[in-house]
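For reference, the structure discussed in these notes is given below.
Worth saying up front: this structure is predicted, and the values here are computed from it rather than measured.
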Amino acid sequence: SLGLVGSEMCKETEIIFDIILSSYQVDRSKVIIIGDKLETDIKGGKKAGIHTMLINRGRYGKEILDKLDDNERPDFTINSFDDIFTTSKD
């Protein structure tokens, strides 16, 4: 047991990412979290120092995304899961 309970294992903390990355010996620069929530998926990924991709199914308007700080803003934003294969950083 890791001795972690409840909110300590939430995605908005970097703990879960650190555990998984170290368990599988994965270089975090080669990892991306794909999620649909800024508050958990993107926030946790940013804290963990991994790339982030937001699937924005209309939940967040442009005005919300434009107001985000760099440490809150996803590296990539797409509108559907199918867009993953056609997205570039430019």
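Rounding to the nearest 0.5 Å gives a distance of 9.0 Å between CG of D83 and CE of M53. Going from atom CD1 of I55 over to atom CD1 of I34 covers 6.0 Å, rounded to the nearest 0.5 Å. The distance from atom CD1 of I16 to atom NZ of K47, rounded to the nearest 0.5 Å, is 14.0 Å. Expressed to the nearest 0.5 Å, how far CG of L68 lies from CD1 of I42 amounts to 10.0 Å. Rounding to the nearest 0.5 angstrom, the gap separating the CD1 atom in I33 from the CZ atom in F17 is 3.5 Å.
The shortest heavy-atom contact between Y60 and L38 is OH-N, 3.0 Å. Between R28 and D18, the closest heavy-atom pair is NH2-OD1, 3.1 Å.
A donor-acceptor pair under 3.5 Å links the side-chain atoms of T52 to the main chain of D75, judged by distance alone. Remark: the backbone N or O of R73 is paired with a side-chain donor or acceptor of K46 at under 3.5 angstrom. E72 contributes a side-chain N or O that, together with a main-chain N or O of D69, makes up a donor-acceptor pair within less than 3.5 Å.
Contact annotation: the side chain of I50 approaches that of L21 to within less than 4.5 Å [non-hydrogen atoms, C-beta and beyond]. No side-chain heavy atom of V31 sits less than 4.5 Å from a side-chain heavy atom of H51. Within the 4.5 Å cutoff, side-chain heavy atoms of D36 are placed close to those of R59.
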Exercise. Step by step, would you call F76 with I32 a side chain to side chain contact (heavy atoms under 4.5 Å, CB included)?
Worked result: CA-CA 10 Å; F76 304 93; I32 185 167; 3.8 Å; yes
For this session: Please report the C-alpha distance between L54 and I78 in whole Å, then the side-chain angles of each, then the deciding distance to 0.1 Å, and finally whether the side chain to side chain contact (heavy atoms under 4.5 Å, CB included) criterion is met.
Result: CA-CA 6 Å; L54 175 68; I78 58 175; over 6 Å; no
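A donor-acceptor contact closer than 3.5 angstrom is absent between the side chains of D82 and S80.
For K62 and D66, the salt-bridge test passes: some basic side-chain N is under 4.0 Å from an acidic carboxylate O.
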